[in-house]
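Take a look at the structure below.
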Amino acid sequence: VDGNSVCAKCTCTTSTNGINYAACDEDYDADTCPPQVARQCHAEWNSDFSESTTYPVGELSSSDCSGPCGWDIYYSDEDTLGDVSWGCQSDLFCEAFVGENTCVYYEAQVQFTDCEGVQRTEIFKGYQSCCSTGENCNHADIDTTACTMNTVYGDIVTELYTCIAATSDHRIVDFGCEPDNVDEITCTGIEDYFVPVLGCYCQAYGALYNDLTSADAKAALKEGLSDLGEELSKWNDVFGCSIVAS
């Protein structure tokens, strides 16, 4: 109307007397409509640091997702439970490692030297599920005993962080150790730090590209690696560098 778009987001709803209808939220003053999303996924975060293998889902709370739904649990060294979360998942990860309505876990171990010169071993472990069978398909209790190990992803994580550790032993958890005699950040220092790390990501995930069948998953992988390169270009504007990473 009057040159403006009318945007409506509708869901199929059943009334109390059993009649199906479209319930719509409309915006008559929109210049453009927001991009459509594939589905609604349950969104929840829990910082329960127990050692339980099951986690009850809370009250339904939906968010817009362009890909599959699912949940995640991440562990750090010595099997310390990290955050438990329900939400959107990556098309790339779900196709390559998980599958439909399943969950997997991975384990990786990397040895490195910390900023104090001490040899350390960092343990990476995580659980992840994927589903795309309907709205809020991830609104369910978690049972990690039903998950199967994915050695392929575990190998990729191991390769990635082993490579990063080899470029600079302290980068795994300390994000680099600043020498006492360094008074300023230089373009050379930034490039020497980040470019090898980007190469590690390309090496670890690059071999996965040809194994993917979905065009969306391939595009997601390329975009993810490209985003890492773009992070470097931000330093160019801040410090006047001319770092090129691709």
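None of these values were measured; they are calculated from a predicted model. Note that the numbering runs from 1 along the sequence shown for the chain.
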- prompt: Are Leu60 and Val84 linked, directly or through other ILVMFWY residues, by side chains that come within less than 4.5 angstrom of each other?
  reply: no
- prompt: Does Glu107 pair with Lys125 as a salt bridge, N-O distance under 4.0 Å?
  reply: yes
Scan side-chain atoms only and decide if [X] and [Y] contain a donor-acceptor pair under the 3.5 Å cut-off.
| X | Y | answer |
| --- | --- | --- |
| Gln109 | Glu122 | no |
| Asn136 | Gln40 | no |
| Trp45 | Ser85 | no |
| Glu100 | Ser132 | yes |
| Gln119 | Gln111 | no |

- request: Kindly say whether the aromatic ring centers of Tyr74 and Phe124 come within a distance under 6.0 Å.
  value: no
- line: Rounded to the nearest 0.5 angstrom, the SG-CD distance for Cys163 and Gln203 is 4.5 Å
- request: Calculate, to the nearest 0.5 Å, the distance between atoms CH2 and OG belonging to Trp86 and Ser61 respectively.
  value: 12.0 Å
Return the minimal non-hydrogen interatomic distance between [X] and [Y], and the atom names on each side.
| X | Y | result |
| --- | --- | --- |
| Pro68 | Ser90 | CD-C, 4.2 Å |
| Thr133 | Cys137 | OG1-CB, 3.6 Å |
| Cys131 | Asn101 | CB-OD1, 3.1 Å |
| Cys65 | Gly87 | SG-C, 4.5 Å |

statement: Of Tyr205, Tyr153, Tyr106, the one forming a ring-ring contact (aromatic ring centres under 6.0 Å, His included) with Phe93 is Tyr153
